[in-house]
There are 2 protein chains.
Amino acid sequence: MYDMARGATMTKLTQGRIAAAALALLERDGLDRFSMRRVAAELDVGAMTLYGYFRSKDELLDAAVDLASAEIALPPSGGTWQEQLRSLVTEMLRVLRAYPVAHHIRARGPMLSSGALRSTEAGLSILVGAGCSQEDASKAWRLLFTYVFGFAAFTPAELSDAERRELKLRLAGMDATELPHVAAAAAAGAEAMTGSDAFGFGLDAILAGLEARTSI
Amino acid sequence: MYDMARGATMTKLTQGRIAAAALALLERDGLDRFSMRRVAAELDVGAMTLYGYFRSKDELLDAAVDLASAEIALPPSGGTWQEQLRSLVTEMLRVLRAYPVAHHIRARGPMLSSGALRSTEAGLSILVGAGCSQEDASKAWRLLFTYVFGFAAFTPAELSDAERRELKLRLAGMDATELPHVAAAAAAGAEAMTGSDAFGFGLDAILAGLEARTSI
DNA sequence: ACCTGAACACCGTTCAAGT
DNA sequence: ACCTGAACACCGTTCAAGT
């Protein structure tokens, strides 16, 4: 009966509903503002209720990431293996950017969840289909995987005006005598720091390297 | 006078001493257990004292990372550009593993600190020295940089026995029908997931790709 | 100047209890 | 079963005060 008073909470609580609320909170407020208490509030529920469905904050976060992974669209099977991998990896970056959780992900956690394994299966399948040995395919996928996640975590998507100003200040304060190449690169323009074609350049280099160094 | 009672705290407090204490704490207890209050306790000082030297926890963390970056040994100038880059990047991975902070690093923070820029300067210098254009060198360095940081953040250094057991369980629970390639790779052995030669494989592929795709 | 305790507004999680 | 408030042991940071 008292359920009537609880907005959208008429439907039963499930792991899935909680994970979805967690993911929405993540998308809206980011990882820093994410907390069990806030997820619970979003669901009009006591904070402790969540612990009946997830053993810890980390576990809930993993479930949210898993849910996000399900959003990764797998590439159509046409085209060269390079085109297919490019499409898959670019789509992974898109989702990683949409839900800024790359920073939380631990190596052995959500990477092995069923959602994340969809992309791994797709990637391995493309590589093996192209003639890669099992072992090379594993290593090649790890490389591609490391690259997308690293790019998502360590390259800013776009700079705000305040960030751009601060960056300019820092670069201007640099010692051109001690750091000549850095200074030259900085002078050449800070937009190279964030440009999304930087992602494409690295990806192309990796694909070319794989072609040269594997059994493909 | 009261200073006499404070263990190692005779010397004056400075940004450097605080950053060193922070880094030591990071190394000993990891990022999760890192807190302003604990750093302060380590220095036998009130927590609020630190705010006279750093504006926030993030700023102190940045300074600690900067200090760690200074530990990266730059490669000797002999050898091919590939050998030099391999040596530099491998050394970066070593330091990133010694101080498990890769996960905290934000794209626009410590990457621009003077300590971190030492490695960037060295990397750009090797690339330009090898005949790379300014622009290609920037992009190539970003790729290498993304790879080391991504590898440090997303590949476990080594698995504990408990982790190995859990991994095995998860892999055994996988659906070989839906994920045939993942299952095959898993059967081939989980040690490929952590093997440090995975780092070498990726690095070699990247170097080969750079050779193929830049003005080098 | 340099340092500080108390206080504020939060955390994740345990526990014993409610329905 | 499913949910919960109170409590514990923490956080980062502001503030007004101490020397």
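Naming: A, B, ... by sequence-line order, numbering from 1 per chain. Values reported hereafter were calculated over all heavy atoms of this structure, with side chains retained and with hydrogens, waters and symmetry mates removed.
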Fill in: Whole angstrom value for the distance that separates C1' of C/dT4 from CE of B/Met36
14 Å
Worksheet item: Taking CG from A/Leu13 and C1' from D/dC3, how many angstroms apart are they, rounded to a whole number?
Response: 10 Å
Discussion item. Side chain of B/Arg38, heavy atoms from C-beta onward: which of D/dC11, D/dC3, C/dG12 has the nearest atom to it?
Written reply: D/dC11
Worksheet item: How long is the line joining OH of B/Tyr51 and C1' of D/dT14, in whole Å?
Response: 10 Å
Worksheet entry | Minimum-distance nucleotide (side-chain atoms of A/Met48 versus D/dT4, C/dT4, D/dT13) | D/dT4
Discussion item. If I take atom CZ in residue B/Arg37 and atom P in nucleotide D/dA9, what distance separates them, rounded to the nearest angstrom?
Written reply: 14 Å
Discussion item. Check this for me, if you would: do B/Lys139 and B/Glu135 make a salt bridge, where the nitrogen-to-carboxylate-oxygen distance has to be below 4.0 angstrom?
Written reply: yes
Response to the item:
For D/dA7, the nucleotide meeting Watson-Crick or G-U wobble distances (both under 3.5 Å) is C/dT13
Discussion item. What is the separation between atom NZ on B/Lys12 and atom P on C/dA1, rounded to the nearest whole Å?
Written reply: 13 Å
Discussion item. If we check side chain to side chain contact (heavy atoms under 4.5 Å, CB included) with A/Val65, which of these qualifies: A/Leu26, A/Leu96, A/Val101?
Written reply: A/Val101
Fill in: Side-chain heavy atoms of B/Phe145 within contact of A/Thr155, under 4.5 Å
no
Discussion item. Checking contacts here: which listed nucleotide (C/dC2, D/dC3, D/dG12) is nearest the side-chain heavy atoms of A/Thr49?
Written reply: D/dC3
Discussion item. Mind checking if A/Tyr53 touches a base, just sugar-phosphate, or nothing, with heavy atoms under 4.0 Å?
Written reply: sugar-phosphate
Worksheet item: Can you check the A/Asp29 CG to C/dC10 P distance for me, whole Å?
Response: 13 Å
Practice prompt. With a 3.5 angstrom cut-off on both distances, give the Watson-Crick or G-U wobble partner of D/dA1, or none if there isn't one.
Written response: C/dT19
Worksheet item: D/dG12, C/dC2, C/dC11: which one has an atom nearest the side-chain heavy atoms of A/Ser35?
Response: C/dC11
Worksheet item: Between B/Lys57 (NZ) and C/dC10 (P), how many Å, whole number?
Response: 17 Å
Worksheet item: Roughly how many Å is it from CD in B/Gln15 to P in C/dC2, rounded to a whole number?
Response: 12 Å
Worksheet item: Between B/Phe199 and B/Tyr147, what is the ring plane arrangement, given parallel below 30°, perpendicular above 60°, and tilted in between?
Response: parallel
Worksheet item: Do the charged groups of A/Arg94 and A/Glu91 touch, with an N to O distance under 4.0 Å?
Response: yes
